[in-house]
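Let me begin by presenting the structure, written as structure tokens, before commenting on it.
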Amino acid sequence: MSSPASTGLASTPPDGGWGWAVLFGAFISIGFSYAFPKALAIFFKEIQDFFGTSYSEVAWVSSIMLAATYGGGPISSILVNRFGSRPVVIFGGLLCGIGMVSASFCTSIMQLYICVGLMSGFGLALNLQPSVIIIGKYFLKRRPIANGLAMAGSPVMLCTLAPLNQFLFDNFGWRGSFLILGAILLNCCVAGALFRPIGHATGPIQKEANKEVKETAKAVGFLAATEEEEDKQCCAKFNQYLDCSLFKHRGFLIYLVGNVLMFLGFFAPIVFLAPYAKHMGIDEYSAAFLLSILAIVDMIARPTTGLIANSKWVRPKIQYFFSFSIAFNGACHLLCPLASDYAGLVIYSVFFGLAFGMVCAMLFETLMDLVGAVRFTSAVGLVTIAECCTILLGPPVGGALIDTFGDYKYMFIKCGAVMVLAGTFLFIMNYYNYRMLAKEEKAVGTKDPEHGKPMNEGSNNWDSEKMQDGQELEPLTDEQGLKKEVNGLTEV
Ligand SMILES: CC(C)C(=O)C(=O)O
């Protein structure tokens, strides 16, 4: 993205003001998006008895919901690029509410797959991505801490929804609970209403500005001078809504491969923690309490990690911090089989909660760091649909290992090995990326006039809005800015 000074089309993120209201809305919206599918498991036993199905058939409700939430990423990105975050989140909240209210009248498990899994799941997709995207529009200098605070909505909402769902279940059964939860999900519309548009105008202002930029660019020869050549760029029209040129972006590809691999071992330990404790002879309440310990530590870890990532010592090399947190997760899982009693599992849950929270806090911040806030809108959609595959595969593969060997340790070892591998891959590849970025920045000449080093090592969006020790980058020269803007128009 070109620096604001070059075109005047973008506004510099306020890093506060109304941004705190937006952050609160994102906290709520992201919290529902991640916690709601997890908290639904409380109803599965009664639903299984009511419809006379197997547990795995009921568990597909959550899997379909998760797939719709992640698989809906690209559509969510396209809608945000076209309409902005606010209307998309409001529509997503409506869809979630209608889905759950409809589910309270379902007479078959298939109807639950449609209402809860597809409708509400897709509604959560229209909540999750836009909420993360708008954080990058309102925050830059404080973006890591903002992302950490917004992502803390997930454990907070999980700690709230789990007992609430149990209360609703005990007093209203699953049908009444779904009706009430449908109404509660309408709060996503309220959260979305806080997302006041900022930055690139998408209305007539932007179109007029784009036209001026194109006319000027044509005059100086950047764009195709003939109508036919312009027509060839018709495919670029698609890129206006989903920037597929990201698949040529080095940092994006490193992030994509590392995260897709990571998610193969990310969720299974959470899914099987309580069953593993019961398998060790621990009572069900003590087993469930392990998840509460994990969620409480996670709740503290996310904003704390955001704060650390925001520091001038960590932010320029945040990709290393993210890589370490993934490998740290893996080390915890590899050591879990050494826990021979409840105290050992409590210690594992504390460290797992810390490592899990660190990864979640930086999950989207590191992607923004690599591609910049403008391209992040498309990047997040492309990444989530790719992650969907391994997210869905992780727990069943873990379950298959448990069934095959009759021992949980192989599941923990698989997850630990995969995450250590993912963390190591990201560390090595980000080292390479940082070095390449430094060379490219020297070649382009964006040296920090005071320190004589590349303005912003460690980021692929060196030309745009990154801050270096609080210093905003020098605006691009007019020619560079114009070329970037033109490229931005044709690319995006
Ligand atoms: C993948 C992460 C962000 C998650 O599931 C959570 O926040 O609970």
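Since the model is a prediction, treat every value here as computed from it, not as a measurement. Numbering of residues begins at 1 and proceeds along the displayed sequence. Heavy atoms only: backbone and side chains are in, while hydrogens, waters and symmetry mates are out. Order of appearance sets the numbers: ligands from 1, and atoms from 1 within every ligand.
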For ligand 1, which of its N or O atoms have a protein N or O partner closer than 3.5 Å, and how long is each gap?
unit_1, atom_1, unit_2, atom_2, d
ligand 1, 5 (O), Lys38, NZ, 3.1
ligand 1, 7 (O), Ser154, OG, 3.1
ligand 1, 7 (O), Arg302, NH1, 2.9
ligand 1, 7 (O), Arg302, NH2, 3.1
ligand 1, 8 (O), Lys38, NZ, 2.4
ligand 1, 8 (O), Ser154, OG, 2.7

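For His333 and Phe352, the distance between ring centers is under 6.0 angstrom.
Note that CZ of Phe32 is 14.0 Å distant from CG of Leu128, once rounded to the nearest 0.5 Å. The CD atom of Gln129 lies 10.5 Å from the CG atom of Leu124; values are rounded to the nearest 0.5 Å.
Every residue two or more places apart in sequence or in another chain that forms a side-chain hydrogen bond (donor to acceptor under 3.5 Å, both in side chains) with Asp283 is listed here: Ser286.
The side chain to side chain donor-acceptor pair (under 3.5 Å) analysis of residues 168-178, with sequence neighbours excluded, yields the pairs Gln166-Asp170. Annotation: salt bridge (charged side-chain N to carboxylate O under 4.0 Å, His left out) contacts involving residues 36-46, sequence neighbours excluded, comprise Lys45-Asp49.
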